[in-house]
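Labels below follow one simple rule: chain letters A, B, ... track the order of the sequence lines, proteins then strands, and each chain is numbered from 1.
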Amino acid sequence: MVCLKATMKKRPFPEIWFEEHRFFMSTELPLSEQEAIRRQSLEQIRAAGIDPYPADLYPVNAAAKDILAQFTDESAGIWTEICLAGRLMSKRIQGKASFAVLMQDGVRIQLYVNRDEICPGENKEGYNQLFKKWLDIGDIIGVKGYVFRTMVGEITLHVQELTLLSKCLRPLPIVKTDAEGNVYDAFSDPELRHRMRYVDLIVNPEIRATFIARSRIVSAMRSFFDAKGWLEVETPILQSVHGGAAARPFKSHHQALDVPLFLRIANELYLKRLLVGGLDGVYEIGKMFRNEGMDKTHNPEFTSMEIYVAYKDYEWMMNMVEECLAYISVSVFGSTQAEYGAHRINFQGPYARIPLFDAIMQQTGVDVSGMNEQELREQCRQWNISTSPEMGKGKLIDQIFGEKVEKSLIQPTYITDYPIEMTPLAKKHRSKEGLVERFELFICGKEVANAYSELNDPIDQRQRFEEQLALANRGDADAMALDEDFLKSMEFAMPPASGLGIGIDRLVMMMTNQTSIQEVLFFPQMRPEGGK
RNA sequence: GAAUCCUUAGCUCAGUUGGCAGAGCACAACACUUUUAAUGUUGGGGUCCUGGGUUCGAACCCCAGAGGAUUCACCA
């Protein structure tokens, strides 16, 4: 709201903007009975002179996780003056004493609240009103007290002081688990979980593990690269020419310049400019945006790690990737092995290295390496693989590979040496005619990484772009655009180099046993709620 | 983009042949000072996704639309 006002001062929004956004600006939302009751409690709390959203810091001095791990009956004496804060997840009132569950940073700990201990004087309002009536499940509270073990043996905080830190105005879905581990009323609808990830994280705290792993995987990758002396950089997300990959972009517009801008589909051409500039090892971890469909392995925005190292080739890069993934796997999970569905994935190198045409031959018994476009098209028809007229030789081979080989590559496998037609940014193969020095890494039947010996011959590069233009004119919407400034930079001489891109979301999926990209993104793309 | 299935209380879900809208949890009231899916008694809570149609009467049947799930297609 503040932000909106500030913007409006400068430049009023056109009428149509308000028309389109009136739903979001409405302040009059109908309240359910339970929401109304919580607002009433809020007013009563205020009327009692209690600030439901206090400003001062709350002196938390312990973690529920540590208490549960370290408390022993012998050491009970030292567990006093403990101060915890978190969300109230359940309340079981039994007259003048009660049990509750506090969730602090994803860990549940039981509280014991006794009327005469939190209200030592004559006035019992703090227990009878605030705790019993006005506090709801979902409220964030602070508690001070000592740790003990209940008669049934549960480690519990005996509360001596209770502070409301933030009132929750909406009912929280309550997921219950019984002694046998059966879950009741699970908050499991994927749409609701993804739209309201904050609620998902509260009531399904086990999903934190995947996101924590994701953070650690990226962090481990960063330390691996940093230790090699390579520099993390940032390059433009808004680009006037969307180069570096074959994909449809999102289009935007710059008002002041009155020019179209694209959200980047790749950052490759900018990282190569940095190689020209003399930065010999650069990498960037960031979002790419592709205007394509969504499914279990595709989100319109995704995170990619791109790295370029001067004076190396793609064989060196294969060794580096093996080393890197094994390092990440060990430092995050303590093992080079990972479960993925029924498979056990081994990230320890060396990985199998199979030339593309050999891989197709192994799976089909057919050698397609010598075929021209017409023969490839005929072969596709025999295998019942769909083709379209604008597909060139490269794309047809890619189609065959995707149909016949990709799914079978479960263990980390490099497919190497691709036809030149489908790879306009890679260097021609040093010994194999018509191929380029490229590899892709496949794990669990999905592409996870893509790398080249980078093309650094500016004349050759210009020709390759022109071939792409020809494809674009045939109707291939994904063909690459020609970037004049990039070509100019290359004419200043780019060192020979190898470059690599890793799909971080997919790598995280492989390492955390998730079959849907939505489960490794906090906020996957969803259709607008309530239709267009 | 296609097929199939789904959308009912805050959450998870029933709903008979087309005949007054249901349960558990949650919520409210009362009781209860070591419980743990706390318990007992009582009570409140609904745009049955939206819009049309058929019918005396629609959560239910028909048509259109929206959203979701799964599979396929597209897409590195």
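Minimum interatomic distance between A:Ser453 and A:Glu437 (heavy atoms only, all atoms of both residues): OG-OE1, 2.7 Å. For the residue pair A:Tyr127 and A:Cys119, the shortest heavy atom distance occurs at N-SG, 3.3 Å.
Figure legend: A:Lys91 and A:Phe131 shown as a cation-pi pair, the cationic atom lying under 6.0 angstrom from the six-membered ring centre and within 45 degrees of its axis. Cation-pi contact between A:Arg438 and A:Tyr418: present, with separation from the ring centre below 6.0 Å and deviation from the ring axis of at most 45°.
Between the C1' atom of B:U33 and the CG atom of A:Asp116 lies a distance of 8 Å, rounded to the nearest Å. Rounding to whole angstrom units, CD1 of residue A:Ile109 and C1' of B:U36 are separated by 14 Å. As rounded to whole Å, 10 Å separates atom P of B:A76 from atom CD1 of A:Ile265. We find that CD of A:Glu35 is positioned 21 Å from P of B:G44, with the value rounded to whole Å. A:Glu406 places its CD atom 12 Å from the P atom of B:C74, with the value rounded to the nearest Å. Atom CE in A:Met294 sits roughly 13 Å away from atom P in B:G1 (whole-Å rounding).
At a cut-off of 3.5 angstrom, the base of B:U36 holds at least one donor-acceptor pair with the side chain of A:Glu154. For B:C13, its base never sits under 3.5 Å from the side chain of A:Asp185 at any donor and acceptor pair. Side chain A:Gln110 to base B:U35: a donor-acceptor pair is found below 3.5 Å.
Between B:C32, B:U36, B:A76, one nucleotide has an atom nearer to the side chain of A:Arg92 than all others, and that is B:U36. Comparing B:A73, B:A38, B:A69 against the side chain of A:Gln518 picks out B:A69 as the nearest. Of the candidate nucleotides B:U71, B:A76, B:U33, B:U71 has the atom nearest to the side chain of A:Lys296. Comparing B:G68, B:U34, B:U35 by their closest approach to the side chain of A:Thr156 singles out B:U35. Nearest nucleotide to the side chain of A:Lys96, out of B:U36, B:U33, B:A76: B:U33.
As judged by a 4.0 angstrom heavy-atom cut-off over every strand, A:Phe148 is placed among the base-contacting residues. Within 4.0 Å of A:Thr150, counting heavy atoms only, lies at least one base atom of the nucleic acid. Counting any heavy atom pair closer than 4.0 Å across all strands shown, A:Arg108 reaches no nucleic acid atom. Counting any heavy atom pair closer than 4.0 Å across all strands shown, A:Glu180 reaches no nucleic acid atom. At the heavy-atom level, A:Asn450 lies under 4.0 Å from base atoms of the strands shown.
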### Query
Would A:Val241 and A:Leu269 satisfy side-chain contact (heavy atoms from CB on, under 4.5 Å), going step by step from the backbone distance to the final call?
CA-CA 10 Å; A:Val241 180; A:Leu269 305 189; over 6 Å; no

### Message
Is there a side-chain contact (heavy atoms from CB on, under 4.5 Å) between A:Gln40 and A:Glu35? Walk through the geometry before answering.
### Response
CA-CA 9 Å; A:Gln40 279 165 26; A:Glu35 288 170 320; over 6 Å; no

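Separating the P atom of B:C25 from that of B:U39 is a span of 7 Å, rounded to the nearest Å.
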Could you write out each protein N or O paired with an N or O of nucleotides 26-28 of chain B at a distance under 3.5 Å?
residue, atom, partner, partner atom, Å
B:A26, OP1, A:Lys176, NZ, 3.0
B:A26, N3, A:Gln34, NE2, 3.0
B:C27, O4', A:Gln34, OE1, 3.4

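Taken to the nearest 0.5 Å, the CE atom of A:Met305 stands 4.5 Å off from the CG atom of A:Leu500. In this structure, OH in A:Tyr414 is found 5.0 Å from CZ in A:Phe439, a value given to the nearest 0.5 Å.
Considering only residues two or more places apart in sequence or on other chains, A:Phe442 meets the ring pair (Phe, Tyr, Trp, His ring centres under 6.0 Å) condition with A:Phe401.
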#### Entry: Pair pattern of RNA chain B in dot-bracket, where unpaired bases get dots and | marks partners in another strand, Watson-Crick or G-U under 3.5 angstrom
(((((((..((((.....[..)))).(((((.......))))).....(((((..]....))))))))))))....

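Screening A:Phe262, A:Phe250, A:Phe289 for a side-chain contact (heavy atoms from CB on, under 4.5 Å) involving A:His242 leaves a single residue, A:Phe262.
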